[in-house]
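The next block holds one structure in the form of structure tokens; read it before the comments.
In what follows, chains are A, B, ... by sequence order, proteins preceding strands, each numbered from 1. What's counted below: heavy atoms across the whole structure, side chains too, no hydrogens, waters or symmetry copies.
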Number of protein chains: 2
Amino acid sequence: MAVKRVTIKMIAQEAGVSPATVSRVVNNKRNVRPEVAERVREAIRKLDYHTNEVARGLVRGTVDTFGVVVPDISNTFFSRICKAIQNTVMPTGAAVFLHNTDGILNRERQIIKELASKLIAGIFLVAPRMPATEIRTLSEELGVYPVVVDARVENCRLAAVWVDNVTAFIEASEHLISKGHKRIGFIAGPLAVANSKDRLDGYRIALRNHGIKEDTSLIYESDFTIEGGYKTAKEMFRKKNPPTAVLCSNDLMAIGVLSYLHKEGVKVPSEVSIVGCDDIDVASSLFPPLTTVSQPIYELGVTAAQMMLQYTSTNEVPHNSILHAKLIIRNSTSNVQQRKSESETRLAEQLSHNAQVQEERDNR
Amino acid sequence: MAVKRVTIKMIAQEAGVSPATVSRVVNNKRNVRPEVAERVREAIRKLDYHTNEVARGLVRGTVDTFGVVVPDISNTFFSRICKAIQNTVMPTGAAVFLHNTDGILNRERQIIKELASKLIAGIFLVAPRMPATEIRTLSEELGVYPVVVDARVENCRLAAVWVDNVTAFIEASEHLISKGHKRIGFIAGPLAVANSKDRLDGYRIALRNHGIKEDTSLIYESDFTIEGGYKTAKEMFRKKNPPTAVLCSNDLMAIGVLSYLHKEGVKVPSEVSIVGCDDIDVASSLFPPLTTVSQPIYELGVTAAQMMLQYTSTNEVPHNSILHAKLIIRNSTSNVQQRKSESETRLAEQLSHNAQVQEERDNR
DNA sequence: TCTCTCCTTGAAAACGCTTTCCAAAATAGC
DNA sequence: GCTATTTTGGAAAGCGTTTTCAAGGAGAGA
């Protein structure tokens with residue numbers, strides 16, 4: 001689609017000055033007489049000139065654009081971060097490239113290189129599996145400013161912003177403990193990502209602090225999806241002596257658990273309490289509204305963007321930012337129901353019976 | 001962050017050929033002796049050379065990048081479209097700029113111009129309020145290929161892909177009618193966007209086809225959000241003679257309605273049936289699982305991307321694509337409960353009583 | 001052996017901008 | 001009124017590619 005674009009030369013001719021002068025006006029350099037500047041601006045307006053960002057990028061060696069690399073942009077968590085970055089960075093005139101990686105390490109590496117070849121200034125990385133040292137060497141080699149989002153990266157001369165998940169999950173666990181729960185199930189995200197591990201650690205610390213012995217049969221690893229939560233709940237509640245409360249590493253899995261328990265006719269919160277994490281949009285509109293660890297998602301993005309802007313302008317690695325999550329207590333948690341040993345058994349039996357029936361049905 | 005980048009000249013020197021030859025090898029042009037080509041590739045590997053996309057963009061006059069412009073990237077609907085575009089376009093080596101507009105027309109215009117100044121090849125536009133003619137003239141002026149996503153644009157020599165919302169909503173309405181519902185509430189999205197209007201039209205057509213007289217007091221305009229749905233439900237059910245079913249223009253509003261009815265103790269679906277639209281992730285995990293018009297969201301993005309690739313390579317406006325939605329029947333709809341006239345009144349009264357109590361509580 | 005192709009290769013000119021270097025003009029200092 | 005300094009604006013040199021054009025070489029047909 002060839003189109004004659006207005007160039008700086010045409011403006012120069014129109015205003016009766018040289019291209020150099022037009023450039024100076026466009027970039028607000030001093031050393032241009034006000035009346036000349038005005039004549040140039042007039043010409044720009046008249047011909048509807050817009051600087052060719054690519055040509056500018058070539059001479060400057062960098063382009064006013066950032067890359068945002070996330071595992072899955074269709075996940076609300078990440079898309080909210082993107083939005084925050086967008087909104088914060090846009091007023092400076094910068095644009096953002098968006099890239100999806102599905103969390104695949106090699107694709108992340110690939111994408112970082114591709115972005116560098118487009119001369120972007122900086123890169124926001126939500127890549128929980130990529131080692132900090134690699135991020136640093138890679139970005140140094142490529143001449144790109146990195147800001148790591150939502151991953152705890154300490155002592156690494158690397159700009160990063162993350163949430164204190166350990167404390168958050170201590171608090172969430174203590175909320176359940178204070179309601180009398182002792183058998184608290186935990187559904188972790190993939191333990192290869194540090195955040196998942198931190199959340200599990202918070203849960204463990206809280207248990208220990210309150211003299212509750214950890215029961216590894218109550219701890220499951222899943223994948224942050226609704227289906228994952230559903231399946232895990234199925235396993236968890238089919239066993240004897242099921243938990244009276246379930247703490248999930250994110251809301252989607254909590255929704256899966258909720259959905260499973262609904263289906264089995266188990267009442268939430270009266271029979272089982274549930275706590276999620278993230279506080280996504282629908283969390284407050286579920287039935288019952290979900291008690292959850294509210295992550296400052298938007299703030300995560302805004303902070304990252306601010307760090308980036310500071311980074312690129314001062315050329316100094318900004319200090320890390322640690323944000324805090326907040327427990328939002330809604331109606332999916334309540335005091336533990338005093339189950340008699342026999343009724344506990346009954347619940348487990350009923351559930352495993354249901355499951356069996358279901359399986360038979362599936363097999364047909 | 002200044003970094004000495006490997007240039008084509010360095011490769012040329014290393015391989016003992018001219019830059020032109022290196023360029024030919026990089027771009028897989030014929031007319032290079034295999035042994036020379038191999039020597040060049042060797043040098044590229046050795047020095048880890050990556051083409052400077054900006055320089056290439058300058059000479060070619062365009063850059064292998066597309067812009068994606070959406071109202072709100074944190075909305076699952078749009079982020080799924082983005083993901084689909086991404087995934088479809090990535091294998092060709094293209095990247096995408098992402099831009100949020102909050103649906104503000106002027107910002108959309110602004111962004112389109114900014115993107116053009118970056119010499120992008122094409123632009124995916126989810127901008128339901130922008131007139132088709134404007135899109136066409138703007139993109140012609142700027143030399144950018146436009147593909148309009150999720151908006152019905154006919155007879156305009158403009159590439160577009162959309163969903164047949166009228167038929168979809170006829171079907172959804174008929175589902176309710178077949179269950180005996182006659183008083184069906186409708187919550188529309190902003191009627192300034194064509195899709196909202198089409199959905200309402202579908203509802204009206206279905207009603208007319210089945211001899212049900214339209215009752216304008218059952219039709220509301222809202223804003224596609226959970227809160228909007230909640231508030232609208234509140235209004236709707238406070239009136240005398242409330243509907244026995246509610247058809248919502250999207251799932252988020254349906255969730256709002258569901259949430260309101262839950263709070264008021266109204267049983268879904270036995271007392272009131274609900275139908276949503278989109279089939280977002282959580283729709284199947286709600287309580288009850290939501291009957292909804294499943295939009296082929298991902299397909300919308302994939303199709304748009306394919307059209308774009310065809311468009312840019314052939315330089316011919318591709319034919320429009322019309323996709324079809326599918327009604328997914330879950331458990332939020334059931335046969336209408338035979339309400340006696342008195343009990344109808346009772347429901348309304350109860351609700352309006354609840355509302356009053358609530359308001360008093362709020363005022364304190 | 002000589003001419004005519006065809007293929008391979010290199011030199012050089014763009015692409016549109018920024019920036020450095022200079023010269024001219026304007027101002028200041030004495 | 002003359003020199004020293006600052007302002008102003010033009011010319012030109014890149015930035016790293018691609019692409020055009022022409023030259024050189026190899027093979028084929030006479």
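A salt bridge between B/Glu38 and B/Arg41 is present, with a side-chain N of the basic residue lying under 4.0 Å from a carboxylate O of the acidic one. At a threshold of 4.0 Å, the pair A/Glu134-A/Arg109 counts as salt-bridged, since one of the basic side-chain nitrogens sits closer than that to a carboxylate oxygen. With respect to B/Arg152 and B/Glu154, a salt bridge is recorded, a charged nitrogen being found less than 4.0 Å from a carboxylate O. Salt-bridge check for A/Glu42 with A/Arg39: failed, with every basic side-chain N at 4.0 Å or more from each acidic carboxylate O.
Between the side chain of B/Arg107 and the backbone N or O of B/Asp102 there is no donor-acceptor pair closer than 3.5 Å. With hydrogens and angles disregarded, a donor-acceptor distance shorter than 3.5 Å links the side chain of A/Thr101 to the backbone of A/Gly103.
Residues A/Arg56 and A/Asn27 have side chains that bring a donor and an acceptor to within less than 3.5 angstrom of each other. Between the side chains of B/Asn100 and A/Asn87, no donor-acceptor pair of N or O atoms lies under 3.5 Å.
A/Arg5 has its CZ atom 20 Å from the P atom of C/dA14, to the nearest Å. Across the protein-nucleic acid pair, B/Lys9 atom NZ and C/dA12 atom P stand 13 Å apart, rounded to whole Å. Computed from coordinates, the A/Gln13 CD to D/dG9 P distance equals 18 Å when rounded to whole Å. To the nearest angstrom, C1' of C/dT9 lies 9 Å from CZ of B/Arg33. Protein atom CD1 of B/Ile8 is 12 Å distant from nucleotide atom P of C/dG10, rounded to whole Å.
One axis for each end of the helix from C/dT1-D/dA30 to C/dC30-D/dG1, each built from five base pairs, and the angle between them comes to 40° at 10° resolution.
Between B/Phe97 and B/Phe66, a ring centre-to-centre spacing not shorter than 6.0 Å is recorded.
Residues of residues 17-31 of chain B that place a heavy atom closer than 4.0 Å to DNA chain D, in numerical order, are B/Ala20, B/Ser23, B/Arg24, B/Asn27, B/Lys29. Across residues 42-65 of chain B, B/Leu58, B/Val59 each have a non-hydrogen atom less than 4.0 Å from an atom of DNA chain C (numbered order).
Residue B/Ile73 holds its CD1 atom at 12.0 Å from NE2 of B/His99, rounded to the nearest 0.5 Å. For the atom pair CG of A/Leu115 and OG of A/Ser139, the computed distance is 12.5 Å after rounding to the nearest 0.5 Å.
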